Each structure stands twice: as C-alpha cells, then as structure tokens.
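Have a look at the structure below before the remarks.
Just follow the structure's listing: the first ligand is 1, and inside any ligand the first atom is 1. Just so it is clear, the model here is predicted, and its values are computed rather than measured.
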Amino acid sequence: MHDIPRRQFLINGSVALTALALLEASRAYAFPSRPGEAIIRWLDQPTENPDPVGIQTQLVWENLDSWITPNDEFFSISHFDQPVIDASTWKLEIGGLVKRPLRLTLDDIKARPRQEVVFTIECSGNHGFPFFTGGIGNARWAGMPLAPILEEAGIRENGIEVVFWGTDAGEIAARDLKFNQNFARSMSVEDAMSSDNILCYEMNGAPLPAPNGFPLRLIAPGWYGIANTKWLKRIEVRDRRFMSLLMGRDYVTVREEDNDGEPVWAETSVGRWRLKSAPARVTQVGSDYRIIGAAWGAAIDRVEVKIDGGPWVPAAIDHSEEAEYAWKIWSLDWPTPAPGEHTVTSRAIDTAGLVQPAMDDPIIAKKHTYWESNGQVTRRIRIG
Ligand SMILES: Nc1nc2c(c(=O)[nH]1)N[C@H]1C(S)=C(S)[C@@H](COP(=O)(O)O)O[C@H]1N2
Ligand SMILES: [Mo]
C-alpha cells in the first residue's frame with residue numbers, strides 16, 4: 001500500500017465508501033408482505049395538518065412496507081426556521097466548562113471513527129392530536145461517537161449538563177420577556193456520555209438530508225425526537241440544569257399521580273421514549289387478511305392484538321431485521337373476517353413485563369398534556 005500515493009488511496013477509499021452507501025440504500029429489508037397483496041386503508045385517517053410548516057412530512061402507516069423508512073418518506077419536525085447551511089464554512093463548537101474548547105469542520109468529524117445505529121425516532125407529540133399520528137420513522141444513522149469528543153475537550157469538575165444548540169432560532173417568550181434564541185436541548189453529563197450517542201452526518205447511507213439536520217445532528221438512541229438536536233452548531237457544558245423552552249416549559253408532561261391516595265400533580269420534562277406499538281396496515285390476498293404493525297420504545301418481548309374487543313391474541317414478531325433501538329415489525333393473520341366494520345388494537349409488552357397502557361389507564365387518562373401519548377392505538381377498518 002505504501003507505493004500508492006496517499007491522495008490516490010483516499011480517493012479510492014471514498015469511491016468504495018460511496019459504493020457501500022449505494023448498496024445500503026438499495027438493500028431490500030425483509031418484511032411480512034405477500035405477493036399480490038392489496039392494502040386496505042383504515043377508515044380513521046388523520047385529520048388535515050393545520051401546521052404544514054412545523055410538521056413537514058409524516059409516516060403514512062398503510063405505506064409501511066420496509067423495516068427502514070426511506071429518507072424521502074421520513075417525517076420531519078421543525079420548531080423555527082429550517083436553516084440552509086453551507087457545509088464548507090460550517091463548524092461545530094464544543095465549549096463551556098471544558099479544558100480544551102474545540103472547533104471542528106465536517107471533514108474533521110468525518111475523519112474520526114464512525115459508528116452506526118439503527119434507531120426508530122418518534123416525536124413525543126405523536127398520537128397526541130388527530131392530525132399527528134405519523135411522527136415516527138426508522139433509519140440507519142451514522143456519525144462520530146459523542147463521548148470520545150467530549151473526553152477530548154475535557155469536561156471540568158463542575159460540569160453537570162451538556163447543551164446542544166441548533167442553528168435554527170426563533171422568538172421565545174419567558175416570564176415577561178421576549179428574546180431570540182436558538183433551538184436548545186440538554187442532557188446530564190452522564191446521559192450525554194452514553195456510548196450510544198452519535199454526532200450524525202449520514203442517514204440510510206446518504207448525507208443527512210436538510211430537513212433532518214444537515215450537516216450534523218445529535219442521535220440519542222432511546223430518547224424521544226426532541227432530544228435529537230438537528231443542524232447542530234454548539235455543544236456547551238454548564239454547571240446548572242438547563243431550562244430552555246424545550247426543556248422546562250414546552251415538552252413538559254403534566255400528569256395527575258396518586259401517592260397512597262393523595263393526588264399529586266407531577267410535571268416532568270420529556271426524555272426517554274416509552275413502550276408503544278401501533279397497527280400499521282391490513283393486507284389482503286383473496287380471503288386471507290393480515291394485520292401488520294410496529295412496536296418500539298423499550299426492549300420488546302411480545303405484541304398482542306385485539307379485534308373488536310375480543311381476547312388479546314399474540315402477534316408474530318419478525319426477527320429477520322432487529323436492532324436494540326429499532327422498532328420490531330409484527331404481524332397477525334386474520335383469516336376470513338366477517339364483512340363490515342372492525343376495530344384493531346395492539347399492545348406491546350416489554351422484557352420486564354410492562355404492558356403498553358390502555359387509553360383509560362390512569363397513566364394516560366390522567367395525563368393532561370399531549371406529549372408522551374403511548375396509550376394503545378385502535379384503528380377502524382371495513383372488510384368487504
Ligand atoms: N435544531 C432542531 N432540532 C430538532 C428540532 C428542531 O425544530 N430544531 N425538532 C426536534 C423534534 S420535535 C423532533 S420530533 C425531531 C424530528 O427529527 P426529524 O425531523 O429528523 O424527523 O427533531 C428534533 N430536533
Ligand atoms: Mo418532536
């Protein structure tokens with residue numbers, strides 16, 4: 001290898017990487033589909049999206065036919081403007097309470113060790129409104145692991161919080177003030193140092209698309225969407241808990257709890273994802289129907305399906321494509337259902353035995369805000 005000029009080697013290397021990326025993008029993932037099947041649409045469709053700027057794309061559940069969600073069908077949420085970033089001048093700053101502040105270009109970041117994770121990202125508002133039921137997608141994300149770069153910068157003794165600032169900004173109101181502020185979310189140093197977290201520049205083998213955070217975003221597997229700051233600009237270590245709009249005012253779940261008969265109103269910042277599943281589509285080949293869905297938000301042990309308020313029936317989990325932080329695809333054959341209208345409900349059960357709550361479970365019924373709506377999803381369908 002020593003006689004190949006280094007530049008030539010780098011070029012060949014990047015050609016090989018591109019070829020790999022193309023292969024990845026064209027790879028067909030197994031899925032419980034059947035040749036010649038027809039898709040039956042649910043009767044209850046999401047209502048018209050009143051905010052096409054904030055919610056740009058949503059998953060159409062009936063279209064789910066692959067473990068990986070293609071980039072052009074991937075949901076996208078933005079709270080402020082959608083910044084257009086020139087990667088050639090962009091830099092990531094790492095500062096605050098660190099011993100060696102860093103400024104990294106995209107090339108610096110791509111030259112570092114690469115880590116991939118397949119992670120199903122869900123917006124914590126998903127299923128919180130009748131117009132918002134497709135805020136979820138599963139992608140293979142690649143980038144530089146976060147922990148080593150924080151170690152390189154050297155977090156000072158008194159650093160307890162890591163803030164991830166986006167490039168996008170908007171006018172924020174707090175108390176009697178109005179000010180311009182960038183998107184900001186934070187994590188404890190301990191959570192930020194998890195070896196799962198990556199600073200991500202690639203999605204399903206392609207450069208991170210603009211709506212999903214080009215050139216760089218945080219991918220924090222196992223956290224709701226909001227933790228995954230897009231269009232990253234600065235990572236800052238602080239000595240206090242951080243209470244921005246998106247940590248301490250919005251993205252706060254208000255729930256009535258019960259402490260030994262005493263009602264307690266708890267307000268908690270949206271953080272890690274929650275155990276959830278949903279029916280995705282019903283397919284038909286002749287008189288053979290099949291219900292297909294997804295389950296995520298915890299280590300999934302099994303999924304059960306209830307038709308028309310009947311008994312819970314175990315679904316089959318598709319083990320052909322699995323990853324720790326990715327949804328599991330499940331299916332249930334539904335031979336010769338009676339013509340007419342039916343309801344289909346699913347519930348996931350995790351490896352610790354926790355059951356996805358019913359809509360009338362107090363944990364859902366006594367939740368007064370729309371975030372973290374992980375109650376059981378019921379869909380309606382007409383057969384025949
Ligand atoms: N900078 C920035 N990061 C952001 C957001 C944003 O508006 N700005 N939206 C968050 C929310 S609410 C979600 S659900 C996810 C959505 O990621 P996606 O648009 O790639 O699907 O990004 C998160 N990261
Ligand atoms: Mo979100």
To check your reading of the model: name the closest protein heavy atom to [atom], its residue, and the distance in Å.
atom	answer
atom 3 (N) of ligand 1	Lys230 N, 2.8 Å
atom 8 (N) of ligand 1	Asp168 OD2, 2.7 Å
atom 13 (C) of ligand 1	Gly225 C, 3.6 Å
atom 5 (C) of ligand 1	Phe183 CE1, 3.4 Å
atom 21 (O) of ligand 1	Phe75 O, 2.7 Å
atom 22 (O) of ligand 1	Arg217 NH2, 3.5 Å
atom 7 (O) of ligand 1	His79 N, 2.8 Å

Give the atom numbers and elements of ligand 1 that come within less than 4.0 Å of a heavy atom of [X].
X	result
Pro211	19 (O)
Ile77	5 (C), 7 (O), 9 (N), 12 (S), 14 (S), 19 (O)
Cys123	14 (S)
Asn228	22 (O), 23 (C), 24 (N)

**Asked** What residues form a salt bridge (charged side-chain N to carboxylate O under 4.0 Å, His left out) with Lys230, not counting sequence neighbours?
**Response**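 Partners of Lys230 by the salt bridge (charged side-chain N to carboxylate O under 4.0 Å, His left out) criterion come out as none, since no residue qualifies.
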
Would you call [X]-[Y] a salt bridge at under 4.0 Å N-O?
X	Y	result
Glu171	Lys178	no
Asp318	Lys328	no
Asp108	Lys91	no

**Request:** Verify whether the ring centers belonging to Trp273 and Phe119 lie closer than 6.0 Å.
**Result:**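 Ring centroids of Trp273 and Phe119 are less than 6.0 Å from each other.
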
**Asked** Less than 6.0 Å separating the ring centroids of Phe242 and Trp165?
**Response**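 Yes.
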
**Message:** Just by distance, no angles: are the side chains of Lys367 and Ser373 close enough, under 3.5 Å, to form a donor-acceptor pair?
**Reply:**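 Their side chains do contain a donor-acceptor pair, which is all the 3.5 Å distance test asks for.
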
**Message:** Under a 3.5 Å threshold, yes or no: a donor from one side chain and an acceptor from the other, between Thr283 and Arg34?
**Reply:**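 A donor-acceptor contact under 3.5 Å links the two side chains.
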
**Request:** In sequence, state the C-alpha distance, the side-chain angles, and the governing distance for Glu122 and Tyr224, and then conclude on side chain to side chain contact (heavy atoms under 4.5 Å, CB included).
**Result:** CA-CA 6 Å; Glu122 185 190 22; Tyr224 271 119; 3.7 Å; yes

**Prompt:** Does the N or O separation between Tyr251 and ligand 1 drop below 3.5 Å for any pair?
**Reply:**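 Checking ligand 1 against Tyr251, no N or O pair falls under 3.5 Å apart.
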
**Asked** What part of Asn212, side chain, backbone, both or neither, has a heavy atom within less than 4.0 angstrom of ligand 1?
**Response**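 It is both parts that get close, each with some atom under 4.0 Å.
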
